[in-house]
Each structure stands twice: as structure tokens, then as C-alpha cells.
Number of protein chains: 2
Amino acid sequence: MRADAKKNYDHLLAVARAVVKEQGADASLRDIARRADVGLGTLYRHFPTREALLEALLRTSLDEMTAQAAELETSSAPDDALVTWLREAVAFTRNYHGITALMMAALDDPKSALHASCVTVRAAGTRLLSRAQAAGKARSDVDGTELFALIAALAWLGDQPSLGRHADHLFEIVASAILTNRASNGGRAQRRPRDRS
Amino acid sequence: MRADAKKNYDHLLAVARAVVKEQGADASLRDIARRADVGLGTLYRHFPTREALLEALLRTSLDEMTAQAAELETSSAPDDALVTWLREAVAFTRNYHGITALMMAALDDPKSALHASCVTVRAAGTRLLSRAQAAGKARSDVDGTELFALIAALAWLGDQPSLGRHADHLFEIVASAILTNRASNGGRAQRRPRDRS
DNA sequence: ACCTGAACACCGTTCAAGT
DNA sequence: ACCTGAACACCGTTCAAGT
């Protein structure tokens, strides 16, 4: 890659990250090119598709998620590892509104630029799930695809502005549906009561 | 309303229903006007906003949901009533892709044309939920807003094409998170085992 | 090799002009 | 009272022309 091209690429990516964090995954590509002081065609040259751009944006974070899963697998108890990772996954999406639908679609489309990263992340989650299942700590009838889907659903709920206050509680509810035999010892403070509105 | 206006209104609504069922809640309004052989301004005159159009489309169905909740409240056991209604609510949204985000937003925006209907539906669900909670059949720390959110999340999952096969199972998982003491008698066939993929 | 921006086909929304 | 469609400001995507 020529030096000027590399410079454009990097700058474009930095601007795109800011714009996507601010406006979401369906931000205007024109606007990104404009803010980067770059011709619209240059953006398309470096990132022939919106998914290619997002893949470049998310690759690092997704790789981190995969690495963290591997780490949790050896450092934490099966149930703690799973729930911690789930929380992390949902939190990650809060930086990029509207990204979960794209990731769901990418999982099913091998031609998508996001496909490989998503498959890898799903596999990482599946390992944590299997481990928890083997320890009798997670429902045995859930598979990795469904785990991914539930994460995506929680992320989608997090995108709804009116649900800010409920996000944590909704996470607990769904997590409790996957996990079993959680906190059968101790536990009264586990589920805090909430004011009905 | 003048006779010709009424005719336009009805025709527009019929065409819009078809187009929205086929293309989802973000279908092109221009396209709807075009297919209805009506000027674009006529559409805007009758439905000043996309939400106004959808409100007209959905009012009947949403009212039916409310009525059905009331009926279930007297005809079924608290837990059966709740789970049946939830299933119905999720099934309803399958006809109108991408509508759940709009309904979530409408709940929080009193100026939205969809606001009233959504509030009514939420209240209907809340009554079924409270009844199940009073009978000890539903988690006591869930409120109507969260119930609505979980329905919306399941509906969103149903919009993802790759999840068709998993939709029913995901419903069961989330439903089991809300319901408690389900099928403590009998029950081996309650949760069918699934082939891991 | 890379960049640019006009061109094309769309979109939502408004509003002067018509009947 | 109602309808129409041009006008405006956007969008994604492509591609001839430039350096």
C-alpha cells in the first residue's frame, strides 16, 4: 500500500469509528468521507462495503472478546466465566448502536466481511457454554447459536433508549434463564427486589 | 370526510398493509403511494407521519391483543394465560417486520401516534403478569415494561432470518425465565431435547 | 496506483398550484 | 376540501477522468 493510501486508510478508520460510535452502524458513509476530507470513492476503494468498514472497526474488539473467553475458561468457575463473558459481550455492543442485526446477518452469510469474526466469537461463547453445561451450571438444551442470539437480543434492548434503567435487570433475567443452580447457597441478595412502576 | 378522500384513505391503507407485510415497517412511503396510484402528498395528508400510518394499520390487531388478554384473564389459569398471550404477541409481530423498535420508541414518546395503543397493550400484559405473580407463577421482580421489552426482543429475534428454526426454542427459554414453578408435576416432555448444531 | 467528484437512482418531506 | 407532483436535501453506489 502506498504511503498516501495508508494514511487515508488510517484516517478514514479513525473518523469512521467516531461517527459510528456517535450515530450507529447505519451512519452515512458520505458523511464519514466528508468528515475525513476524502473523496467518496476513496472510502469505497478501501472499504468496498459497509460491512468491510465495520469489520475493520470491530476486528480488534471481537478478537479481544475471543481472547477473554479463552482466559476466563482457565481462570474462573464455569458459571462465573460464562456470565462474566456474556456481560462483557453485551457491554461491548453499547459502543456501536445497531450492530447486532448486522452481526446476526453476517453469521449466516459466508460472503460477508464480518462472517469470520462473528463465527469465531460464537465459537468462543459456545466453548464457555459447553463448559458450564458439563458442570451442570447451564441449561443443556441451549446451543451456541442461541446463546449468540440471546446476547444479540440483549444488545438490541440496550439500543432502545427508554430501557436504560432496565438493561441490567433484563440481563439478569435472561442470564438466569441460561444458568441453572446459580447461587443455591447464600443468595438472598442475589435478585434484588425492584419497585414496580 | 369527502367520499373521494375516504376512498383514497381506504385504498392507501390496504396497499400499505400489503407493502408493509412484504417489506417491513420501513417500506418506502413513495412506493406505497405509487402502488396506490395516488399522489405522494395525498399519503402525507392522510397519514402525516409514518407512525400515523402504522397506527392505522395496527390498531385493530393491537386492540385484539388487549381484548384477548382480558379474555384469558378469566378463562385460563394465571400461568397458562400469560404464556399463551406472550406467544400470541410474538406471533403477531411476525406479520410486520421491524415494528418492535417503533413500538418501543412509541411507548416513551407521548406525541407518537402509536403511543396510546402501545400503552394499552402494555397495560394488558401487565395485568396478566400481575395475576401470575399473585399466584406465585411468575417472577415477582419483573414489571410490565420489562415484559414488553422481552416480547419485543423475541420479536426482534424472529425478524432475523437465520433464526427461524430457533424461534420457538428461544421463546421457551425466555418464557421460562419469567414463569416459575412451571410443570413441576408431570413435565418430562415439557422441554424437548434438541440436536446441538 | 490511487484519488476525485459528477452521475444515477433512490429516499422523506414540504408546499405552491391546481380542481 | 382535497389532490398533485415538482422541488429540496439527503442517501448508496458506480465510474470516467484526473494525478
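Just so you know, these numbers use all the heavy atoms, side chains as well, and skip hydrogens, waters and symmetry mates. Owing to the predicted nature of the structure, the values given are computational and were not obtained by experimental measurement. Within every chain, numbering begins at 1; the chains are lettered A, B, ... in the order of the sequence lines, protein sequences first and strands thereafter.
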Task: Closest non-hydrogen atom pair between L154(A) and L170(A), with its separation - done: CD2-O, 3.7 Å
Open item on the list: Which residues pass the ring pair (Phe, Tyr, Trp, His ring centres under 6.0 Å) test with H46(A), not counting sequence neighbours?
Closed with: Y9(A)
- [ ] Let me see the working for R50(A) and L53(A) under side chain to side chain contact (heavy atoms under 4.5 Å, CB included), right down to the final yes or no.
- [x] CA-CA 5 Å; R50(A) 168 174 246 112; L53(A) 176 58; 5.7 Å; no
- [ ] Return the minimal non-hydrogen interatomic distance between W85(B) and A69(B), and the atom names on each side.
- [x] NE1-CB, 3.4 Å
TODO: Check whether any side-chain N or O of H46(B) sits under 4.0 Å from OP1 or OP2 of dC2(D), and answer yes or no.
DONE: no
- [ ] Anything below 3.5 Å on both distances counts as a pair; with that, list the stems of at least three consecutive Watson-Crick or G-U pairs involving DNA chain C.
- [x] C:4-8 with D:12-16, C:12-16 with D:4-8
TODO: Using a cut-off of strictly less than 4.0 Å between a heavy atom of the residue and any atom of DNA chain C, enumerate the qualifying residues of residues 13-23 of chain B by number.
DONE: none
TODO: Could I get the full list of side chain to side chain contact (heavy atoms under 4.5 Å, CB included) partners for Q23(A), not counting sequence neighbours?
DONE: V19(A), A27(A), D31(A), R35(A)
Check nucleotides 4-8 of chain D against the protein and report each pair of N or O atoms closer than 3.5 Å, with its distance, or say if there are none.
unit_1 : atom_1 : unit_2 : atom_2 : d
dT4(D) : OP2    : G39(B) : N      : 2.8
dT4(D) : OP2    : T42(B) : OG1    : 2.8
dG5(D) : O6     : G41(B) : N      : 3.3
dA7(D) : N6     : R30(B) : NH2    : 3.3

Task: Length of the CG-C1' vector between L12(A) and dC3(C), whole Å - done: 12 Å
Open item on the list: Under 4.0 Å, counting only non-hydrogen atoms across every strand here, what does A33(A) touch: a base, just sugar-phosphate, or nothing?
Closed with: nothing
Task: S28(A), nearest nucleotide to its side chain (from dC11(C), dG12(D), dT13(C)) - done: dG12(D)
- [ ] Identify the two heavy atoms, one from S61(B) and one from F92(B), that lie closest to each other, and give their separation to 0.1 Å.
- [x] CB-CE1, 3.4 Å
Open item on the list: With heavy-atom distances below 4.5 Å as the criterion, would you say the side chains of L150(A) and V174(B) are in contact?
Closed with: yes
TODO: Could you pick out which residue, R34(A) or P48(A), lies toward the 5' side of DNA chain D when each is mapped onto its nearest nucleotide?
DONE: R34(A)
Open item on the list: Expressed as a whole number of angstroms, how long is the span from D31(B):CG to dA9(C):P?
Closed with: 17 Å
Open item on the list: Could you report the tightest heavy-atom contact between T126(A) and G144(A), atom names first, then the distance?
Closed with: OG1-CA, 3.3 Å
- [ ] For R2(B) and for Y44(B), locate the closest nucleotide of DNA chain C by heavy-atom distance; then report the residue assigned to the nucleotide nearer the 5' terminus.
- [x] Y44(B)
Open item on the list: Show the nearest heavy-atom pair for residues A56(A) and F47(A), with the distance to one decimal.
Closed with: CB-CE2, 3.9 Å
Open item on the list: How many whole angstroms separate atom CG of L29(A) from atom C1' of dT14(D)?
Closed with: 14 Å
Open item on the list: Test of understanding: with salt bridge (Lys or Arg N to Asp or Glu O under 4.0 Å), list the residues that count as partners of K7(B), not counting sequence neighbours.
Closed with: none
Open item on the list: For a quick test of reading the model, state the closest non-hydrogen atom pair linking T100(A) to A155(A) and the distance between them.
Closed with: CG2-CB, 3.2 Å
TODO: Starting from the C-alpha separation in whole Å, work towards a yes-or-no answer on salt bridge (Lys or Arg N to Asp or Glu O under 4.0 Å) for D63(A) and R59(A).
DONE: CA-CA 6 Å; D63(A) 286 353; R59(A) 188 202 300 271; 5.6 Å; no
Task: Separation of dT13(C) C1' from F47(B) CZ (nearest whole Å) - done: 17 Å
TODO: Calculate the interatomic distance between D26(B) atom CG and dG12(D) atom P; express it in whole Å.
DONE: 15 Å
Open item on the list: Without decimals, in angstroms, what is the distance between L43(B) CG and dG12(C) C1'?
Closed with: 11 Å
Task: Nucleotide dA1(D), atom P - distance to NZ of K6(B) in whole Å - done: 19 Å
Open item on the list: I need the OH-C1' distance between Y9(A) and dC3(C), as an integer number of Å.
Closed with: 17 Å
